[in-house]
There are 2 protein chains.
Amino acid sequence: MNITGEMLIGQSAVRGTEGTLRAINPATNAKIGPDFGAGGASEVARACILAQQAFDTYRETTPEQRAQFLEEIANGILALGPALIERATQESGLPTARLEGERGRTVGQLRLFASVVRSGQYLSATLDSALPERTPPRADLRLRKIAIGPVAVFGASNFPLAFSVAGGDTAAALAAGCPVVVKTHNAHPGTSELVGRVIQQAVAACKLPEGVFSLIIGTGNEVGQALVSHPAIKAVGFTGSRQGGLALMRAAAQRREPIPVYAEMSSINPMFLLPHALAARATQIGSAFIDSLTMGVGQFCTNPGLVIGLAGEHLVQFQEAAQKALQAKAAGTMLTPGIHSAYVDGVERMGKIAGVDTLAHGLAASAPCAAQAVLFSTDAATFLATEQLEDEIFGPSSLIVACRNEDEMRAVAEHLAGQLTATLQLDSDDHALARKLLPTLERKAGRILVNGYPTGVEVSHAMVHGGPFPATSDSRSTSVGASAIDRFVRPVCYQDIPTGLLPTALQDDNPLNLARTVNGELLLG
Amino acid sequence: MNITGEMLIGQSAVRGTEGTLRAINPATNAKIGPDFGAGGASEVARACILAQQAFDTYRETTPEQRAQFLEEIANGILALGPALIERATQESGLPTARLEGERGRTVGQLRLFASVVRSGQYLSATLDSALPERTPPRADLRLRKIAIGPVAVFGASNFPLAFSVAGGDTAAALAAGCPVVVKTHNAHPGTSELVGRVIQQAVAACKLPEGVFSLIIGTGNEVGQALVSHPAIKAVGFTGSRQGGLALMRAAAQRREPIPVYAEMSSINPMFLLPHALAARATQIGSAFIDSLTMGVGQFCTNPGLVIGLAGEHLVQFQEAAQKALQAKAAGTMLTPGIHSAYVDGVERMGKIAGVDTLAHGLAASAPCAAQAVLFSTDAATFLATEQLEDEIFGPSSLIVACRNEDEMRAVAEHLAGQLTATLQLDSDDHALARKLLPTLERKAGRILVNGYPTGVEVSHAMVHGGPFPATSDSRSTSVGASAIDRFVRPVCYQDIPTGLLPTALQDDNPLNLARTVNGELLLG
């Protein structure tokens with residue numbers, strides 16, 4: 001498949017005329033061909049109107065049709081073969097093995113959503129029988145969830161496959177029955193086009209209305225703002241910076257009809273070292289922590305950017321092990337020159353904050369966009385008094401906070417803003433303290449881990465990749481895992497609708513074999 | 001129980017010193033004692049901090065404890081006896097029988113949520129087993145929903161019991177495990193205090209932390225704004241005007257940590273008269289429509305404020321029947337002088353719009369705050385061209401839109417903003433046209449009715465009292481029915497949490513007998 005530099009609007013390929021952009025190989029800072037033509041408000045409008053026109057048909061395709069469509073996309077991504085991985089490697093600096101793994105995750109995600117659509121639990125089918133004899137009589141009431149409408153998706157730079165064009169947001173929205181308009185991430189336009197063409201072909205192969213999918217390219221923020229502001233768009237999925245997420249939230253709130261924004265923004269993912277675990281295995285935890293911190297050059301939303309422990313010999317042991325492990329870690333190429341320079345600036349800023357010590361560095365960086373890992377330390381009093389210390393530094397940087405006692409550790413937990421994850425390293429003798437910390441961490445985070453590391457997000461039914469603001473814009477949702485589909489549906493109640501007009505999901509004989517709540521009782525399909 | 005004019009802050013009764021207010025009997029415009037002392041930001045803060053302090057304890061009470069608490073409130077409301085109904089009648093102008101019915105609904109709502117809490121389906125308990133042999137290994141992942149945090153509730157004027165202090169929002173939030181701070185509606189402060197004291201006593205009787213419930217009085221908008229802006233508050237429930245809802249949405253979006261607002265605001269509830277139904281029973285529908293329109297002086301969110309039919313003899317028959325029925329309807333006392341004057345203004349404005357005819361009036365009004373019902377008509381071209389015709393006139397006023405053909409009827413449907421309900425009057429020969437209208441109406445409304453009238457909202461499992469903006473601020477939710485609880489929870493994932501630290505809902509042996517999704521399969525409890 002050739003990369004042409006065009007946008008994909010329904011079944012058309014359209015060359016944008018609002019400026020051009022090129023991908024950059026962050027390992028060399030060299031530009032990669034071809035030129036991509038950027039679009040403007042008129043291409044956004046064309047894609048959105050097509051999406052609107054496709055909506056009523058697409059949302060009422062059968063579960064089987066939608067599941068097969070998702071599987072067709074998954075197969076098409078695999079069929080791209082090594083060309084996709086090569087292009088993604090060039091555009092992202094990520095190693096081949098990592099991208100192959102990410103491709104597996106992307107395909108797995110699409111297949112998980114195919115099974116979610118087939119099971120139909122997300123429809124929340126609910127039936128209340130008519131009670132004509134009651135005073136007053138009760139009507140026949142039936143509820144199902146329907147797709148919310150066309151969705152705008154903004155892909156992430158750090159997952160050019162799994163959280164980009166055919167990534168989690170797109171898969172969840174398509175599964176729900178929502179047409180999708182993707183704004184490509186400019187860090188990987190070629191990867192985006194390859195995957196976009198796969199979806200475009202799957203739309204045709206599955207005989208779906210062309211507006212089910214479009215891919216828009218834009219050079220500045222205007223195209224994204226136009227997309228979020230278009231009346232046809234009814235929800236937004238975004239993974240990226242806090243600044244970017246906040247801008248989309250503002251745009252969505254200022255619409256004539258405000259719409260939900262699911263922005264996954266920033267998190268420093270605190271890890272609490274409980275004293276008995278620390279006494280038992282400070283060295284092991286210190287070394288494993290550095291592996292988690294530096295994995296993928298620290299470019300995970302769930303990177304452990306904050307470690308909280310009780311000051312003392314065991315914390316010193318932990319620090320020494322972490323230092324030793326870090327000093328052996330090679331500098332890795334970051335995703336983009338912009339991300340790299342933001343990392344360098346963030347590290348420099350952190351190093352200058354009064355009360356913060358630089359504990360250790362990884363191996364020095366020489367290549368362009370290569371990031372030297374770094375470990376800082378401070379004490380709880382400084383942390384509690386210095387708001388900047390909670391700012392995310394995207395990359396392999398972490399801060400160790402030494403607390404004088406358990407109360408201070410609890411105060412640090414309570415002080416934290418919303419997070420994607422919180423981790424506890426604990427042994428059985430730490431349960432009493434863990435019980436004190438857990439209620440706070442439940443309020444602060446979407447996922448709580450014990451004796452693990454937050455990097456590595458399973459795509460499964462019970463996963464939550466979400467959390468209170470500023471980790472995300474909407475703590476009621478997850479962007480990874482089966483329940484990500486819930487973001488793109490809304491309930492509709494049908495009162496006394498004749499059999500012939502009832503949606504299939506709500507018909508008496510339950511033709512879709514759904515689990516349904518009938519007069520308050522959950523019945524399996 | 002005496003009405004003292006105090007606020008209820010936790011277990012204290014506090015006299016506000018930021019001005020006073022009195023209830024007004026809308027039937028006579030006479031003020032009713034006692035004086036109520038209004039609070040300010042300091043009382044708001046006190047209530048919110050108490051709520052925050054109560055939160056971790058309250059949200060982890062057992063389902064049985066929370067269910068009993070809700071039932072204790074229901075019993076306490078009934079135990080107030082006729083005194084509550086008398087006070088509510090004085091303050092609202094609503095007839096005794098209507099308020100007795102509303103009390104039944106309020107108590108029924110609390111009991112429904114007790115059963116919802118006991119069943120625990122809303123927890124969405126989900127377990128994915130560890131797969132240690134897989135590459136990479138999968139951790140043990142378990143998801144449950146937890147309460148979102150303290151909730152601010154703004155009661156409605158038109159349901160002084162069922163959507164006020166112990167109304168739907170409060171019941172759903174308390175059921176979810178959220179402490180509640182209610183801002184009283186100033187139209188019924190005495191009713192509010194009576195019910196508030198019942199909840200306050202139930203908190204004590206159930207040995208819950210006092211911050212689970214507070215009741216705040218305020219004279220202007222500042223108290224409400226302070227409440228929505230307080231950092232302890234994590235969600236808002238509101239029923240009222242669009243202007244009021246929009247103000248709360250803005251305040252919530254401007255917080256350092258934005259929070260969800262569930263505002264139920266305005267809806268004109270279109271009713272489509274399909275041609276065969278109209279030919280068969282124009283007179284009957286016309287007369288039943290007027291009964292629905294004038295019920296409760298038209299003061300329902302689901303009042304049928306718009307009727308769409310095909311021009312012709314049968315629409316004329318419908319209009320004549322409606323006219324005749326309307327002309328016999330007595331003027332009824334509206335809830336407040338403010339609502340009455342807004343109604344009079346709205347009707348006057350509507351009557352002056354070019355292309356709008358006044359078809360009929362109800363009997364003339366003489367008492368203060370009594371509203372004369374009115375029926376307008378126009379044609380589809382005028383409707384489509386005149387934005388004001390979609391503005392809600394709260395009260396017994398409706399507009400009939402005559403369409404030249406089915407296409408125009410569909411254009412009117414497509415033109416509509418978000419609605420709580422949409423109604424179809426149809427016969428079996430109308431199914432083909434209904435199939436064309438339904439996809440549009442599903443996009444526009446939270447509930448679709450056939451051959452009924454939208455007033456009368458069942459409190460059950462399948463009810464949706466919600467809909468796209470501007471009907472509500474969040475189409476993903478309902479404010480009536482069992483799934484109203486979903487508004488006040490968020491998911492948390494527990495990864496590799498030791499058995500001793502797992503929440504009860506997620507323990508291996510399922511001690512709460514919950515329906516749970518285990519490795520993707522839904523299992524009954």
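Every chain is numbered from 1 and lettered A, B, ... according to where its sequence line falls, protein lines coming before strand lines. All values reported here derive from a predicted model rather than from experimental measurement.
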Heavy-atom contact with chain A under 4.5 Å, split by part of B:Pro470: neither
CZ on A:Arg138 to CE on B:Met463, rounded to 0.5 Å: 9.5 Å
Test item: A:Val492 and B:Arg447 side chains (from C-beta on) under 4.5 Å apart, heavy atoms: no
Point-to-point distance, once rounded to the nearest 0.5 Å, from CD of A:Gln121 to OG of B:Ser124: 9.0 Å
Interface moiety of A:Ile148 toward chain B, non-hydrogen atoms closer than 4.5 Å: side chain
Donor-acceptor pair, side chain of A:Asp128 and main chain of B:Ala462, under 3.5 angstrom: yes
Carboxylate-amine/guanidinium proximity below 4.0 Å for B:Lys444 and A:Glu257: no
Between B:Ala253, B:Gly101, B:Gly467, B:Ala445, the one whose heavy-atom pairs under 4.5 Å with chain A are most numerous: B:Ala445
Which atoms of B:Ile497 approach chain A - backbone, side chain, both or neither, heavy atom under 4.5 Å: both
Min side-chain heavy-atom separation A:His461-B:Glu521 under 4.5 Å: no
Min side-chain heavy-atom separation A:Glu442-B:Tyr494 under 4.5 Å: yes
Flag, side chain of A:Arg443 to backbone of B:Gly149, donor-acceptor distance under 3.5 Å: no
Option in A:Ala434, A:Pro258, A:Ala235 with maximal non-hydrogen atom pairs under 4.5 Å from chain B: A:Pro258
SB check A:Glu387 B:Arg256 (cutoff 4.0 Å): yes
Pairwise distance CD(B:Glu60) to CG(A:Leu438) - rounded to 0.5 angstrom: 10.0 Å
Option that, when pairs with chain A are counted at under 4.5 Å, heavy atom only, ranks first among B:Pro468, B:Ala125, B:Gly481, B:Gly525: B:Pro468
A:Ile259 versus chain B, the contacting section by heavy-atom distance below 4.5 Å: neither
Residue A:Ser475 versus chain B: region with a heavy atom under 4.5 Å: both
Heavy-atom contact with chain A under 4.5 Å, split by part of B:Ser477: backbone
Part of B:Ala147 within contact of chain A (heavy atom distance under 4.5 Å): neither
Interchain contact, A:Val518 with chain B, by part (heavy-atom threshold 4.5 Å): neither
A:Arg516 versus chain B, the contacting section by heavy-atom distance below 4.5 Å: neither
Residues of residues 448-459 of chain B contacting chain A, heavy-atom criterion under 4.5 Å, by residue number: B:Ile448, B:Leu449, B:Val450, B:Glu458
Beyond-backbone contact of A:Leu501 with B:Leu426, side-chain heavy atoms, under 4.5 angstrom: yes
Part of B:Leu112 lying under 4.5 Å from any heavy atom of chain A: neither
Max heavy-atom pair count under 4.5 Å with chain B, selected residue of A:Arg435, A:Lys234, A:Arg487: A:Arg435
Rounded distance (nearest 0.5 Å) linking atom CG of A:Asp496 with atom OG1 of B:Thr423: 10.5 Å
Contact leader toward chain A among B:His431, B:Lys145, B:His465, where contacts are heavy-atom pairs under 4.5 Å: B:His431
Derivation of the side chain to side chain contact (heavy atoms under 4.5 Å, CB included) call for B:Leu522 and A:Leu522: CA-CA 10 Å; B:Leu522 179 62; A:Leu522 180 61; 4.0 Å; yes
Heavy-atom check, side chain of A:Leu143 versus side chain of B:Ser483, under 4.5 Å: yes
Electrostatic pair B:Asp486:A:Arg476 at N-O distance under 4.0 angstrom: no
Contact origin within A:Asp474 toward chain B - heavy atom pairs under 4.5 Å: side chain
Choice from A:Pro260, A:Gly500, A:Ala515, A:Ala482 maximising heavy atom contacts with chain B below 4.5 Å: A:Pro260
